[in-house]
Every structure is written in C-alpha cells, then in structure tokens.
Colleague: 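Handing you a structure now.
Quick note on labels: first sequence line is chain A, next is B, and so on, each numbered from 1.
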Number of protein chains: 2
Amino acid sequence: MLLLERLEDLKHHLSRCERKVADLVLGDPQAAIRESLAAFAARAGVSEPTVIRCCRALGCIGWPDFKLRLAQGLASGGGSGHSAVQAGDDAGVVLAKVFDAAILMLQRTRQAIDAAALEQATRLLAAARRIECYGHGASGIVALDAQQKFYRLGVPVVAYSDAHVHAMSAALLKPGDAVLAISQSGRSPELLGSAQRARAAGADLVAITVAGSPLAALATVAITVPAVAAAPGPLPGGSRVVDLAIVDALAIGVALRRTPLIPESTGLET
Amino acid sequence: MLLLERLEDLKHHLSRCERKVADLVLGDPQAAIRESLAAFAARAGVSEPTVIRCCRALGCIGWPDFKLRLAQGLASGGGSGHSAVQAGDDAGVVLAKVFDAAILMLQRTRQAIDAAALEQATRLLAAARRIECYGHGASGIVALDAQQKFYRLGVPVVAYSDAHVHAMSAALLKPGDAVLAISQSGRSPELLGSAQRARAAGADLVAITVAGSPLAALATVAITVPAVAAAPGPLPGGSRVVDLAIVDALAIGVALRRTPLIPESTGLET
DNA sequence: CTTCGCCCTGTAGTCAAACTACAGTTCCCG
DNA sequence: CGGGAACTGTAGTTTGACTACAGGGCGAAG
C-alpha cells in the first residue's frame with residue numbers, strides 16, 4: 001500500500017505526462033499489473049520511457065519491479081485502493097473499503113504489538129483462578145466476546161459493562177484472580193476506578209488499550225494497540241475487529257497452556 | 001497463498017527435475033520473486049523450459065505470471081506461513097497466526113460476497129422505520145454490535161439474544177420494520193421461529209448467515225458468508241470478525257443514505 | 001517581442017529475458 | 001533385449017524492457 005500512497009502524494013508535483021501515468025495506475029491498479037510496459041504506455045497515451053521514469057521516481061528499478069511491488073501492495077492492502085468512504089459509493093464499494101480498512105488495521109497491529117507483553121498476559125490469564133472482563137460501550141462488546149471465548153476453556157469468567165457492578169466485583173477479587181480491562185481511550189473514569197480497586201485487592205490487571213493512557217499505567221500488563229488515526233470518514237469502532245482478534249489470540253494462547261481443552265462443538269450452534 | 005498450497009500438493013506426483021523447482025520455491029519464495037527465469041533455473045540446477053513447464057502445471061501462463069501470483073500470495077498470506085496453531089507456539093506466533101487467519105477470511109469473504117444482496121440489504125435497512133437485531137451466542141455479540149452502530153444513525157434499534165423476548169417482539173412488528181438476523185449455522189430453531197413471525201407480521205428480514213440454510217431461505221435478503229472451512233485448530237468463532245465487518249459495511253452504507261448523520265464524537269469514550 | 005537555455009517528451013536502437021520447437025536421453029514395459 | 005513414451009535439455013525466435021539521443025515547448029531574460 002505504501003506505493004499507492006506515495007503515488008498519490010507525488011502526483012501533484014509531477015508534470016503532465018507523468019500525471020497521466022499516475023492517474024491510470026490509481027484508477028485501475030489491477031489492470032496495470034497484468035499489462036506489459038508497451039501496452040500500458042499505449043493506454044496512457046505516453047511513451048515507454050516516460051512510464052519508466054515514473055517508476056524510477058517512486059524508487060523502483062523499472063517496470064517489472066514496479067509491477068511486483070504494486071501487486072504485493074494490492075494483495076496486502078486490498079483492491080479498491082484506499083479507505084475513505086464517500087457519499088455515492090454503492091454497497092459493494094463500501095464493503096470493499098470497510099474490509100480493506102479492517103485488513104490494514106490488522107496488519108499494522110500485528111507488526112506493532114509487543115510480543116513480550118502478550119506473552120506475559122497469556123501467562124497471567126492462564127494461571128488465573130478467575131477472570132473478569134470489564135468494558136463499556138463498544139469495548140463492552142469485546143468484553144462479552146472475551147467472556148464467551150474463555151468460557152470454553154473451563155475458566156470461571158464473567159463480563160461486566162455496568163460500572164457499579166464491576167466496581168463491586170473488583171473490590172471482592174483476591175490475589176490469583178485476573179481482570180481483563182478493555183478501553184479504546186484508556187481514560188474512562190469508571191473503568192479506571194474498578195481497575196484500581198482490582199489492583200488494590202491484589203488481582204492482576206491485563207489491559208487492552210492505547211499506549212500511554214492511565215489504564216495502561218495501572219495495568220500489570222498492557223497490550224497496547226496503535227492509536228490508529230482511525231480511518232477517515234464515518235467508520236465508528238473500526239478497531240473493534242482488532243480488539244477481537246487480540247482477545248482471540250489471548251484465548252488461544254491460554255488454551256494452549258491448559259490443554260486438553262473443552263471441545264468446541266457443543267451441539268449448540270448459533 | 002493458494003498457490004503455495006497447490007505447489008505443496010502437487011509436489012508429490014511431480015517428477016525429479018520439477019520437484020527440484022518446487023523445493024526451491026517452497027524453501028525461499030521471496031528469493032524466487034526477485035530472480036529472473038535464467039537465474040532461478042541455474043540455481044535449481046535445471047533448464048529454463050523445465051521451470052516454465054512447472055509454472056504451467058500450476059495454472060500460470062509463464063514465469064512472470066508465476067512470480068506475480070507468488071508475490072501476491074506472499075503479501076496477503078503474511079510471513080508466518082499458514083494458520084494452524086500448535087502447542088508450543090509462543091504468544092507472538094499465536095498472534096501472528098490468528099491475525100493471518102482473520103485477514104485471510106476477510107479477503108475471501110470480500111471476494112465471495114454478493115454485492116447485489118448487500119445493496120438491497122442496505123436499502124431495506126435505510127428505509128426501515130425500526131430495526132431489530134437477533135442473534136444467539138457468538139452471533140448475539142454481533143447483534144449487539146449492530147445495535148451500537150445503528151444507534152448513531154438515529155434509527156430506533158434494539159438487539160435481543162433472548163429467544164422468548166425476540167419471539168414476542170417479532171410478532172409485534174409491522175410492515176416497514178426490519179429484522180437483522182445473524183446466525184452462523186442458519187438453523188437455530190428459536191431464531192427461525194422469530195424470523196418467521198417477523199415475516200408473517202410483514203417486516204423485512206435481512207439475514208447474515210451461510211448460503212443454503214433455512215434462515216437464508218426465509219430472508220427477504222440473505223447476505224451469505226462462505227462457510228469457511230473454519231481455519232484448523234482451536235479457533236472458535238474466528239468468523240466473528242467477518243460478521244462484524246459486514247455489519248460495519250451495512251451501517252456505513254445506511255449512514256450514507258441517511259446523511260447528515262449524528263456526529264461520532266459524543267464526549268463519551270470507552 | 002524575440003532569443004537563449006533548460007527541462008520534458010518521444011524515437012530508434014540494443015540487449016536481455018521469456019518462450020517454442022525440436023532432438024536426445026532415460027526409464028519402463030513388453 | 002528392444003521399442004516406445006515421457007521427460008529433459010539445446011538452440012533459435014520473439015517480445016518486452018531499457019538506453020542514448022534528438023526534437024520541441026515553456027519560461028526567463030534581454
């Protein structure tokens with residue numbers, strides 16, 4: 001994806017003919033990777049060396065190299081180009097953009113995440129006598145999801161979205177218990193209160209939140225997700241899929257330390 | 001990734017020289033995409049036409065086409081290879097595999113999904129006077145998520161996971177109302193009952209489920225997700241991220257038809 | 001308004017990479 | 001042991017990618 005972004009950037013201070021090339025690539029990248037240099041140059045209405053010069057400007061060795069990088073970018077970043085949903089997009093386009101954005105965030109998170117913290121969090125949760133998941137709003141849904149996943153592992157686990165309830169529950173925890181606190185801001189006062197209570201009671205606190213937030217500071221282990229400059233446009237809670245995936249990884253990591261696990265098929269399908 | 005999988009498959013009933021090619025590719029795919037045909041053939045210790053024949057056997061047009069597909073597969077499939085989580089994986093590896101699996105499912109779904117159905121579903125929901133989201137278990141969480149997302153659009157929306165509650169609620173619906181039913185099996189009897197009630201009451205039914213299921217048959221519009229031969233290993237509910245992404249796309253599609261929408265920032269952060 | 005100079009674009013030619021047709025070898029089966 | 005078929009390599013052809021160079025447009029300065 002970096003390549004298309006760079007192209008978009010450079011497009012403006014590029015001159016006429018080279019812009020024709022840029023537009024054609026941005027317009028239909030998929031087509032470009034299939035064509036030969038000659039075919040593409042003809043379609044753009046420019047000569048072959050012009051196209052090559054354009055590739056060089058982007059840091060590529062030549063046309064084949066450019067095609068290769070483009071292909072890689074498209075495969076990883078998706079086909080429809082880049083995020084921003086606009087009025088007038090039909091449902092198919094919206095879907096493509098939403099999926100692309102989700103995939104992009106997953107990829108970025110995968111690279112940015114701190115493996116050591118994750119490892120420690122997994123160990124803590126695997127050793128916990130009891131797990132409580134706290135979260136509000138969108139993160140409340142993630143907490144519920146975490147609850148369902150840990151259920152299967154035979155760990156006593158609950159999820160609370162009610163500030164009063166988790167405040168009370170947190171105060172009753174004991175050393176050896178663990179709280180999984182989820183917050184996209186890391187600043188919700190109610191959540192911070194319960195987190196503090198849990199720590200005071202001797203419980204461990206695993207937080208899924210952003211780096212540098214008060215919640216992260218409070219946690220025994222903080223799993224920090226990059227504060228994704230949330231994809232532009234009306235994309236509320238896009239990061240929920242990232243949180244869910246992290247919870248998934250945690251649950252599976254815990255499962256591996258607690259084998260044999262409870263079989264997945266319960267006869268109850270949803 | 002499909003390409004490397006096919007290579008692995010075919011490797012066994014391939015003959016000597018062609019296997020040398022296959023081994024070299026599987027051993028270091030990244031190297032292959034950089035080299036020219038001649039260089040690669042020399043490194044493999046075979047002649048150029050042999051390599052080409054190998055590419056043809058995999059369904060590619062020739063060496064450049066093979067390189068291209070390989071590059072795309074590597075970029076999309078990620079670095080860590082392919083899914084299956086195993087005992088002994090540390091947290092970082094588990095995370096990578098889980099994320100890869102999620103990304104793969106998103107990519108497959110994006111391509112497989114029926115844009116027309118999605119478009120129709122978006123129109124129905126945008127026109128609905130009232131939306132009710134039904135789902136049990138894992139899908140109950142998706143229903144909750146849908147509720148939160150539609151909230152912001154100013155549509156009256158509720159989510160029920162209790163079979164008795166949604167059975168009653170469905171019976172009270174009127175033409176112009178819409179139900180969003182989510183089920184990964186499409187066979188939950190309670191959900192089917194309420195779906196039927198809703199239809200009988202004149203409401204529209206949008207279903208997110210698998211193709212060919214009873215729920216899909218019942219729906220006004222069925223958004224069918226490929227019955228992903230759910231990634232092997234203990235990966236419960238991996239498809240939840242896919243469902244969430246679909247709900248996201250629906251909500252955004254509806255938002256585009258209902259502009260101006262309620263601002264995202266409410267001062268309430270989670 | 002004209003003229004000089006630079007940057008940009010296209011043309012033609014070269015080189016290498018990819019592919020095809022064919023012939024030799026090897027291995028299996030009769 | 002001999003014949004045939006499949007597989008592998010060699011040589012030749014074609015096409016695609018790239019380079020060197022020449023022509024033209026645009027701005028700046030006189």
Colleague: So does A:Thr50 get a side-chain nitrogen or oxygen closer than 4.0 Å to the phosphate oxygens (OP1/OP2) of C:dG10?
Modeller: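 Yes, within the criterion.
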Colleague: Suppose we screen for side chain to side chain donor-acceptor pair (under 3.5 Å). Which residues come up paired with B:Asp23, at least two apart in sequence or across chains?
Modeller: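 Once residues adjacent in sequence are excluded, the partners of B:Asp23 under the side chain to side chain donor-acceptor pair (under 3.5 Å) criterion are B:Lys11.
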Colleague: Which residues pass the salt bridge (charged side-chain N to carboxylate O under 4.0 Å, His left out) test with B:Asp65, not counting sequence neighbours?
Modeller: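 Counting only residues at least two positions away or on another chain, B:Asp65 forms a salt bridge (charged side-chain N to carboxylate O under 4.0 Å, His left out) with B:Arg69.
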Colleague: Once side-chain contact (heavy atoms from CB on, under 4.5 Å) is applied, do any residues pair with B:Ile52, and if so which ones, sequence neighbours excluded?
Modeller: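 Counting only residues at least two positions away or on another chain, B:Ile52 forms a side-chain contact (heavy atoms from CB on, under 4.5 Å) with B:Leu37, B:Arg56.
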Colleague: Expected output is a numbered-order residue list: members of residues 19-29 of chain B with a heavy atom under 4.0 Å from any atom of DNA chain D. What is it?
Modeller: none
Colleague: Applying side chain to side chain donor-acceptor pair (under 3.5 Å), which residue pairs with at least one partner in residues 30-43 of chain B are found, sequence neighbours left out?
Modeller: B:Glu35-B:Arg43
Colleague: Please tabulate, one pair per line, all N/O donor-acceptor pairs under 3.5 Å involving side-chain atoms of residues 115-126 of chain B, not counting sequence neighbours.
Modeller:
| unit_1 | atom_1 | unit_2 | atom_2 | d |
| --- | --- | --- | --- | --- |
| B:Glu119 | OE1 | A:Ala91 | N | 2.8 |
| B:Glu119 | OE2 | B:Arg257 | NH2 | 2.5 |
| B:Thr122 | OG1 | B:Leu118 | O | 2.8 |

Colleague: Would you confirm whether B:Thr209, through its side chain, and B:Ser183, through its main-chain N or O, come within 3.5 Å as a donor-acceptor pair?
Modeller: yes
Colleague: With sequence neighbours left out, which residue pairs that include part of residues 25-57 of chain B fulfil the ring pair (Phe, Tyr, Trp, His ring centres under 6.0 Å) condition?
Modeller: B:Phe40-B:Trp63
Colleague: Residues two or more places apart in sequence or in another chain: which of them pass side chain to side chain donor-acceptor pair (under 3.5 Å) with A:Thr50?
Modeller: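 With neighbours one apart ignored, the set is A:Ser47.
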Colleague: Between N or O atoms, less than 3.5 Å apart, protein on one side and nucleotides 18-22 of chain C on the other: list the pairs.
Modeller:
| unit_1 | atom_1 | unit_2 | atom_2 | d |
| --- | --- | --- | --- | --- |
| C:dA18 | OP1 | B:Leu37 | N | 3.3 |
| C:dA18 | OP1 | B:Trp63 | NE1 | 3.3 |
| C:dA18 | OP2 | B:Leu37 | N | 2.6 |
| C:dC19 | OP2 | B:Trp63 | N | 2.9 |
| C:dT20 | OP2 | B:Arg56 | NH1 | 3.1 |
| C:dT20 | OP2 | B:Arg56 | NH2 | 3.1 |

